[in-house]
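Counting starts at 1 for both ligands and their atoms, following the listed order. Numbering starts at 1 and runs along the sequence shown. Because the structure is a prediction, the values reported are computed rather than measured. What's counted below: heavy atoms across the whole structure, side chains too, no hydrogens, waters or symmetry copies.
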Amino acid sequence: MKFSEEIKRRRTFGIISHPDAGKTTLTEKLLLFGGAIQEAGAVKSNKVKKGATSDFMEIERQRGISVATSVLAFEYKNIKINILDTPGHKDFAEDTFRTLTAVDSVIVVIDVAKGVEEQTEKLVEVCRMRNIPMIVFINKLDREGKDAFELLDEIEQKLKLTVTPLSFPIGMGYDFKGIYNIWEQNVNLFTGDPRRDIEETVEISDLSSKELDNLIGEKAAGTLREELELAHGVYPEFNKQDYLDGNLQPVFFGSALNNFGVRELLDCFINIAPTPRPKDSDTRKVLPDEKDFTGFVFKIHANMDPKHRDRLAFIKVVSGKFERNKPYLHVRHGKNLKFSSPNAFFAEKKEIVEVSYPGDIVGLHDTGNFKIGDTLTEGEQLMYKGIPSFSPEHFRYINNADPMKSKQLEKGIDQLMDEGVAQLFTLEMNGRKVIGTVGALQFEVIQYRLEHEYGAKCTYENLNVHKACWIEPENPKGEEFADFKRVKSKYLAKDKRGQLVFLADSAFSLQMAQQKYPSIKFHYTSEF
Ligand code: G4P
């Protein structure tokens, strides 16, 4: 197949949702359609089960699963689909943000009864800021839930999206009869039998036809006609370009558990979802069909086997072909690296692969060369942008609890930070190390992994920090900046890249500092 055709047949996307909305179930049904798995229950949830905070086996179990489900690839109607896994748990939100830099589109899953939930809001906001095309799937229609219009309203309000339904439910919960597929103009009847894999659909291109009444009953048909008319009047006509630009979000209804409405979603998805998109670098925009390979690391996974300390770095191919055993430039290190066993991912396994194309994810064995955001090229000096660090929510001093193992501790902290588990800040005043995390769970993960993977022991000490702000002085040599550094010396630290960070102890002191030093910019992310 020609290079350009390989690019055209790729769709790389992520499924985002609040935990329990049905992401795992939907993923599994998509894989079933692709014939990538044979039975339901094969895809393990990457959820951290309730009460897992103190259960380290649970953390390891979760980590194991998230290695296995990091990338799930399958083929459907000659389209190569790559699903990138995104943890729903809020403590791992940064992982998800980073993964979103590697997707070309997303599917947002919403629970029909719960509507828009907290995590959905946060994740959709990130996608909206990046103009990532989104399709919404409203799930669990077999249960009682909110009215379709009410939900569409809520999505528009809370997620600040412009929606248009491409399917519409006929009844709900106990009365759920099926779905009218606006996109394909047919009715799909719900039998409640998840085992059937060929759906019974009836073409109804003319909504006024008597056939609709015969199919779902006069009353339901009447209601459906009214609702569709209303929807037609209220919501914009679907337009593929608007969707691709991130300005319009089509909505589907269904029940993932019952495998209902999923095929419709998938068929529309392969039709409209973007092929690998161009990506901005620090020097220029890179197009997928360029001849030379470029790619970037968006995720690093430590090996689960403590005897093999190597890691797996996940690279998204942005342009050109990635080939096995060919030397590529590691731009940050300025050195060439060759990879003899790059992995490609399939439903639940990985295999050594000779060639990968734009949109694909390649797993590279890494002995400590990579960190998140690193770029590989065929020699060009460019770095991909768009993997900022956000201010952590929780901060603690990390102390060495075993003086004999300080080297191990240092190495462990270093590598865990490269993986993006947490952020490290070193106080300017005394060199003490502060760990910042998104969730409290990470502190235990770090302590556990330092001990089990690096043989080092640590303890934590509380530290009162409200927010970390990256500092950018207008005039680095000026009087104002010198005064700021003197007065705030206790609160200044360097991040891992050596950038200056202000660890404000309260919202008030941050506000005061902003007022007192107007020529200094306080950034909430590391990229500005
Ligand atoms: P997540 O990955 O988004 O966290 O959600 P997941 O797919 O694990 O689904 C969460 C729960 O919702 C599961 O039930 C799942 O069976 C159920 N579910 C998913 N889709 C549907 C649907 O269309 N209809 C109904 N009624 N339920 C659905 P659970 O009891 O928490 O887990 P399990 O023990 O069944 O696996």
Check your understanding: Side chain or backbone of Lys140 under 4.0 Å from ligand 1, or both, or neither, by non-hydrogen atoms?
Key -> both

Practice item. Show your working on ring-ring contact (aromatic ring centres under 6.0 Å, His included) between Tyr180 and Phe168 and close with a plain yes or no. Key: CA-CA 5 Å; Tyr180 181 75; Phe168 211 85; 9.0 Å; no

Exercise for review: Output, in order, the C-alpha distance, side-chain angles, deciding distance and verdict of side-chain hydrogen bond (donor to acceptor under 3.5 Å, both in side chains) for Gln415 and Tyr454.
Suggested key: CA-CA 10 Å; Gln415 296 208 344; Tyr454 300 91; 3.0 Å; yes

Review point. Hey, which atoms in ligand 1 end up nearer than 4.0 Å to a heavy atom of Arg143?
Key: 25 (C), 26 (N), 27 (N)

Point to revise | Part of Val109 with heavy atoms under 4.0 Å of ligand 1, whether side chain, backbone, both or neither | key: neither

Study note, to complete from the structure: For Ala256, the atoms of ligand 1 under 4.0 Å from one of its heavy atoms are 23 (O)

Practice item. Apply the side chain to side chain donor-acceptor pair (under 3.5 Å) test between Lys316 and each candidate in Asp104, Asp360, Thr294; give the one that qualifies. Key: Asp104

Revision key, fill the gap. Any heavy atom of Thr25 under 4.0 Å from ligand 1? The part involved is both

Check your understanding: Taking distance alone, with no angle check, do Asn258 and ligand 1 share an N/O pair under 3.5 Å?
Key -> no

**Study point:** Nitrogen or oxygen of Leu26 less than 3.5 angstrom from that of ligand 1
**Key:** no

Review point. Got a second to check how far Lys240's NZ is from Asp245's CG, nearest 0.5 Å?
Key: 12.0 Å

Point to revise | With Asp213 via side-chain contact (heavy atoms from CB on, under 4.5 Å) - residues at least two apart | key: Lys210, Glu218, Ala221, Arg225

Study note, to complete from the structure: If we number the atoms of ligand 1 from 1 as shown, the ones under 4.0 Å from a heavy atom of Lys23 are 1 (P), 2 (O), 3 (O), 5 (O), 7 (O)

Practice item. Under 4.0 Å from a heavy atom of Pro19: give me the atoms of ligand 1 that qualify, with their elements. Key: 4 (O)

Practice item. Quick one: sort the Phe97 and Phe390 rings into parallel, tilted or perpendicular, breaks at 30° and 60°. Key: tilted

Check your understanding: Are any of the N/O atoms in Leu141 less than 3.5 Å from those in ligand 1?
Key -> no

Check your understanding: Within the side chain of Asn258, is there an N or O that forms a donor-acceptor pair under 3.5 Å with the backbone of Phe260?
Key -> no

Check your understanding: Can you list the ligand 1 atoms lying under 4.0 Å from a non-hydrogen atom of Ser255?
Key -> 22 (C), 23 (O), 24 (N)

**Study point:** Proximity to ligand 1 by part of Ser17, non-hydrogen separation under 4.0 Å
**Key:** side chain

Point to revise | Counterpart residues, side-chain contact (heavy atoms from CB on, under 4.5 Å), relative to Ser341 (two or more places apart) | key: Ile352, His365

